[in-house]
Each structure stands twice: as structure tokens, then as C-alpha cells.
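Below: the structure, in C-alpha cells.
Here the structure is a predicted model, which means the values were calculated and not measured.
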Amino acid sequence: MDLFDVLKLIGGLCLFLFGMNLMGAALEKRAGHSLNAILGKFITGKIAGFLTGLGVTSIIQSSSATTVMVVGFVNSGIMTLRQAINVIMGANVGTTVTAWLLSLTGIESGNLFVQMLKPTSFTPILALIGTVLYMMPNADSKKKDTAHILLGFATLMFGMDIMSGSVAGLKDVEAFRNILIMFSNPILGVLAGAVLTAMIQSSSASVGILQALSSTGQITMGAAIPIIMGQNIGTCVTALISSIGTNRNARRASLVHLCFNIIGTALLLCLFCAARALFDLSAFVGSEANEMTIAVAHSVFNILCTIILLPASGLLEKLSYKLIPEPKNTDSVPKDVPHLDERMMATPSIALEQCRHATHEMADIAFSSLHNALSLYDAYDNTVATSIHQKEELVDRYEDMLGSYLVKLNTYSLSDEDSHESTKLLHMIGDLERLSDHAVNVLESMQELQQKGVRFTQQADRQLRAMMSAVSETLELTQHAYEQNDLQITSQVEPLEQIANVLKDQLRAQHILRMQRGECSVEAGFIWSDLLTNLERISDHCSNIAGCVIEMAHEKLDLHDYLKTVKANSPEFAEIYGSYAKKYLHDAAGL
């Protein structure tokens, strides 16, 4: 092996790592919304969580990336620590798919069909397709991502082939053979695998490098197995780094990843050494490792670790709490907004999932605050009033956090779908913040009624209750439509908002007549007017939120044209409007 072989090795390694990074990033971006669906629906039980981790990692070809996502989800409150543990175990098995793909480089056959399975045979075709897609004029983001996946895969396979070719001369180098003999010591092999993987932060890449070196014929199974075990420990470095600055549960998730691999490696390494001592395994231990046997060993190790430790996931959770204990007097710590992990912005769809979750929490607080404010008309309560002010401050912090995060996220390369959703979330958090403000405005009117002892006339009381009932139903429909993404319920919000507009005009006109007749004081009139204005604006913001739900479901929908058409031509809209008119307008008029 001469200088030029060394240069080829460096070049091949660079291409291999670059291709793996390019392919992994493109797979994350291309499969982002699919990952959201998988992570959102299938993490309930142990097996479901395990399969989720396996599936996601198989898709994006990186257990490190999956674990970093999991740490971010736990940090944002989207996923519990117990759910995260099961997903992490599945990710460890899912990462073995890469080794199986790389093992195809060792295929040797005279059969044309079998030869076409060899990456060096079909990757030029993938590279050609990827280049055509990338250079297409006006190619959308999905085509670009697909091109990056194909080009990344082709690049890493060419890098693998170059590495294998450059190290072929090492089979005759005595010094190289002696180094590998040293790694036959299980402890040294584990350390070597851990250090290499920690340096490049990818167990898939380090296994690929080991498979490339196996082409020299100098790596035995006795040396390969401990190195593979160590690689699983080294890959934990990425998750540990990602947990810096996160909350306790997120740090526990990264620690569970490390404990899982250390415990699994310790148990299986002891079994491996015991088996070597008790049985004559010299033929197997001394046999030559190749791409296929390394892939098999990698899969068997990870599957055995999971079989042993998946039933004990609860114990791993308890261990993480022992290592990172809860502080004392946690009950006195006030609730605050969740942390949105900026490292998730590298995968925008995952970052948006964090934002959606935080927006759900913000909506719950805003709607709860409004319901509480309306309830004060019948029974004023200072404790409820204080909670409304606290919730308003909390909603303001949510808006600042989400607004800043989403604006920064928009500076990244987003797909058209992600960009559309990010814009709608920005609009939605503005409406939610205004709803919280109106809750405080309603509270202030209720306080004024309480402090000044103002009473409305019987007719005014009946009309105000009708208006509040309509707005309360609007709030319930909007909250349900948003949380369940229910377009059927969403279609009922706009007719009810129109009823609130009509009610405001009618009730204001009738109140002016009462004031002219001397039936109502000027002071009561001001409070009445403020309440009507705030109630009508609450229904307006509910309509805006419902509109965002509709727009998110229809990427290229012009909402204003849509609503105009619905109001003018939809029999369903007219029917819903008629039922609400009968329910609220007639009641308010005293009919």
C-alpha cells in the first residue's frame, strides 16, 4: 500500500461519509410528514414503540438521527420518557439495515441478474436518475429531495468501493495484521469500535468502514464482534451531545440510550467470552469476516440486546431517574412554556411537530381562560380572576416563543407543504393570543359589574346570555375542530360567527332604545357595549382559527374566495345558519 492508496482511502472515506450524510438528511426531509404520523400514532405500547423506532430508523438510515429526534420530542413534551425508551431500542435494530445494504458490495457471481444486485452495477443508474431530477428546470422540493437521496446513496457506495480497493494491499502488510490481532482482545476491540464511532458520530458509517476493511481478508470474526459491540456504545455520543441544555427527561432519554448499549454490550461480551472459554470456537473466531458476516453479526447483536432489555425498559427508566434525580419541592415550581429545540430545525417537519404540540397547549390555555371569564357573569370568583391573568401572561410567552421559533425556521430550506403550515401556525398563534387578551377584557367588564353593583334589565340580561351562549358554543366548536382537525365541525364555525355579528348589531340597537327610554343607565351601557364588542371579536378570532384549519387541509386554497362561495351558494351553510338563527336570534329577541 503506497501513498496513492492512502490518498484513495482518504478520498473514498470522504465520499462515503458525505454520501451517507447527504442521503440521511434528504431521507429525513423527504419522509418528514410520514415520520410525524408514525411517531404520533404508534408509540403507545412497548412493541408499538419498538416497531416505531425500527421503522423510522430504517427509513432515515440513522439511529443517531432517530435518537436525537426522540430526545427533542421528550424535551418538548411530545413523547414521554417511557415511550422514548422503546423507540430507542427499535432504532438500534433499525440501524442494521445500512450494513445489509453495504454488504451487497461483496456479491460475486457470473450470473447477470445477481451481478446487477451489486451496488457498483446499479448505482450509476441511480446517480443518472438523481442528476436528471436535480437538474430539471422548476423541480419542486420533493424531486430535489429524491435526487439528493439517489445521489447520496450512489456517492456512499462509490466511496465504499474506493475504500475497499485502496485497502486491498493491506492484506500483505504484517503491521496491519498485527494491529488487527491486537483487537482480538475483546476489551480493546470494544474500545476501538466505540472511539471510531464517537469520532464520526454514526454507527452505520463505522460498520461500513469495518466492512470495507474486511475486504483485506485480515479481519477475523473474533476481532469484528467486539468492534461491532463498541460501535453501538460510540453512537450514543450524538444523543448525549444533543441533550445538552435540555430538560431532565430529555437528558434521561439520552442516558437510557447509553445505558442500554453499555449493559447490552457487557452482557453479550461476557457471554461471548464465556462461550469461547467453554467451547471450541476457534474455527468461528478465527474465520475471515466479510461484508455479509459483519452485517449478520451487527443484526444479531442488536436483536439480542433488545430481546434481553425490552422487557426491562421500566427498570431502565428507574435507573435514569436514579442517575438524574428530580429536585426537591418540584410542586412549587410554576408551569412555564415548553422548550423548542432549535437543533430540530435541521428536519423542518419534525420541528413543526414541536410547534404543533406547543400550539395545542397554547390553545388549551386560551380557550380555558375564555370559558372561565364567561362563567364569572353568574358567579364572580377572585381565584378564577387571578388564574385568567396568569394564563394571559403564559399565552403571551407561548406566542413569543413560537413566533420567534417559526420565523427562524422559515430561514431553513422548507418544503412547500412545511412552509404553508408554518405560515398558518404563525397566524393561528396570533389569534390565540388575542383570544387570551379578550378573556382579560371580559374579566375586567365582569369586575366592573361586581364592584359597581351594576345590573342589566331583564331583557338585556336575556339577550347577553344568548350572545354569551353563542360565543361559548363557537369556542367549543373551534377548539374541537382544531384539536381533532375535524373539517365537518369547522364548517359550523363560520355560520355561528355570522350569528354573533348579527346579534351584536341587533342587541346594540335595542340597548340604545332602552337607554333612550331611561330603562338602562349610561354606566351600564358602557359595560354592555364593551362586552358585546369583545364577544363579537372572540367569535371573529374563532373564525380565523377555523379558517387556518381549513387552509392547512387544503394547501392551495384561497380561504376568502372559498368562504365567499360557501356563504353565497352552499345549502349546507344556509341550513346551519338557519338552525343557529332559530336558536339564538329568536331567543335574544324574546320570541
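Two residues are said to be in side-chain contact when any heavy atoms from C-beta on lie closer than 4.5 Å; Val93 and Phe50 meet this criterion. The closest side-chain heavy-atom distance from Leu374 to Leu475 is below 4.5 Å. You'll find the side chain of His148 stays beyond 4.5 Å of the side chain of Met23, heavy atoms only. You'll find the side chain of Asn372 stays beyond 4.5 Å of the side chain of Asp381, heavy atoms only.
There is no side-chain donor-acceptor pair under 3.5 Å between Asp418 and Tyr412. A donor-acceptor pair shorter than 3.5 Å can be found between the side chains of Gln498 and Glu494.
A pairwise comparison of heavy atoms in Ala358 and Leu402 identifies CB-CD2, 3.8 Å as the closest pair. Between Gly94 and Thr57, the closest heavy-atom pair is C-CG2, 3.7 Å. In this structure, Ala84 and Val74 approach most closely via the heavy-atom pair CB-CG2, 3.5 Å. Across Ala470 and Thr474, no two heavy atoms sit closer than the pair O-OG1, 2.7 Å. A pairwise comparison of heavy atoms in Lys452 and Glu448 identifies NZ-OE2, 2.8 Å as the closest pair. Taking each heavy atom of Ala546 and Thr478 in turn, the nearest pair found is N-CG2, 4.5 Å.
The structure places CH2 of Trp528 at 5.0 Å from CG of Leu464, a figure rounded to the nearest 0.5 Å. Distance check, rounded to the nearest 0.5 Å: OH of Tyr482 to CZ of Arg356 gives 9.0 Å.
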Without placing hydrogens or testing angles, list every side-chain donor-acceptor pair under 3.5 Å for residues 387-395, not counting sequence neighbours.
residue	atom	partner	partner atom	Å
Ser387	OG	Val384	O	2.7
Lys391	NZ	Ser368	OG	2.8

Would you be so kind as to tabulate the donor-acceptor pairs closer than 3.5 Å made by side chains of residues 531-539, with sequence neighbours excluded?
residue	atom	partner	partner atom	Å
Thr533	OG1	Arg508	NH2	2.9
Thr533	OG1	Ser529	O	3.0
Asn534	OD1	His438	ND1	2.8
Asn534	OD1	Asn441	ND2	3.0
Asn534	ND2	Asp530	O	2.9
Ser539	OG	Glu536	O	2.6

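Remark: Ala524 pairs with Val454, Phe456, Cys520, Ser521 by the side-chain contact (heavy atoms from CB on, under 4.5 Å) rule, at least two apart or across chains. With sequence neighbours left out, the side-chain contact (heavy atoms from CB on, under 4.5 Å) criterion links Glu483 to His360, Asp364, Gln479. For Asp431, there are no salt bridge (charged side-chain N to carboxylate O under 4.0 Å, His left out) partners at least two apart in sequence or on another chain. Listed by chain and number, the residues in a side-chain hydrogen bond (donor to acceptor under 3.5 Å, both in side chains) with Glu433 amount to none (sequence neighbours excluded).
In this structure a side-chain-to-backbone donor-acceptor pair under 3.5 Å is present from Ser320 to Glu317. Distance alone, capped at 3.5 Å, places no donor-acceptor pair between the Thr411 side chain and the Val407 backbone.
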Let me see the working for Val440 and Glu444 under side-chain contact (heavy atoms from CB on, under 4.5 Å), right down to the final yes or no.
CA-CA 6 Å; Val440 173; Glu444 290 172 350; 3.7 Å; yes
Would Tyr577 and Leu496 count as a side-chain contact (heavy atoms from CB on, under 4.5 Å) here? Give the steps.
CA-CA 7 Å; Tyr577 180 88; Leu496 194 48; over 6 Å; no
Would you check, one step at a time, whether the test side-chain contact (heavy atoms from CB on, under 4.5 Å) holds for Ile85 with His257?
CA-CA 8 Å; Ile85 293 171; His257 188 214; over 6 Å; no
With side-chain contact (heavy atoms from CB on, under 4.5 Å) as the criterion, how do Leu54 and Val87 come out once you've worked through the C-alpha distance, each side chain's angles and the decisive distance to 0.1 Å?
CA-CA 7 Å; Leu54 190 154; Val87 175; over 6 Å; no
Does the side-chain hydrogen bond (donor to acceptor under 3.5 Å, both in side chains) test come out yes or no for Tyr377 and Asp461, once each step is laid out?
CA-CA 10 Å; Tyr377 184 67; Asp461 177 75; 2.6 Å; yes
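A salt bridge links Glu473 and Lys583; the closest N-O separation between the charged side-chain nitrogens and carboxylate oxygens is under 4.0 Å. Using a cut-off of 4.0 Å between Lys/Arg side-chain N and Asp/Glu carboxylate O, Arg434 and Asp437 are scored as salt-bridged.
Figure legend: cation-pi geometry between Arg252 and Tyr321, with NZ or CZ positioned under 6.0 Å from the six-membered ring centre and within 45° of its axis. Judged by the 6.0 Å distance and 45° axis criteria, Lys143 is not positioned over the aromatic ring of Tyr134.
Atom OH of Tyr380 has more than 12 heavy atoms from other residues, nucleotides or ligands within 6.0 Å. Counting heavy-atom neighbours within 6.0 Å of Phe526 CZ, excluding the residue itself, gives a total of 12 or less.
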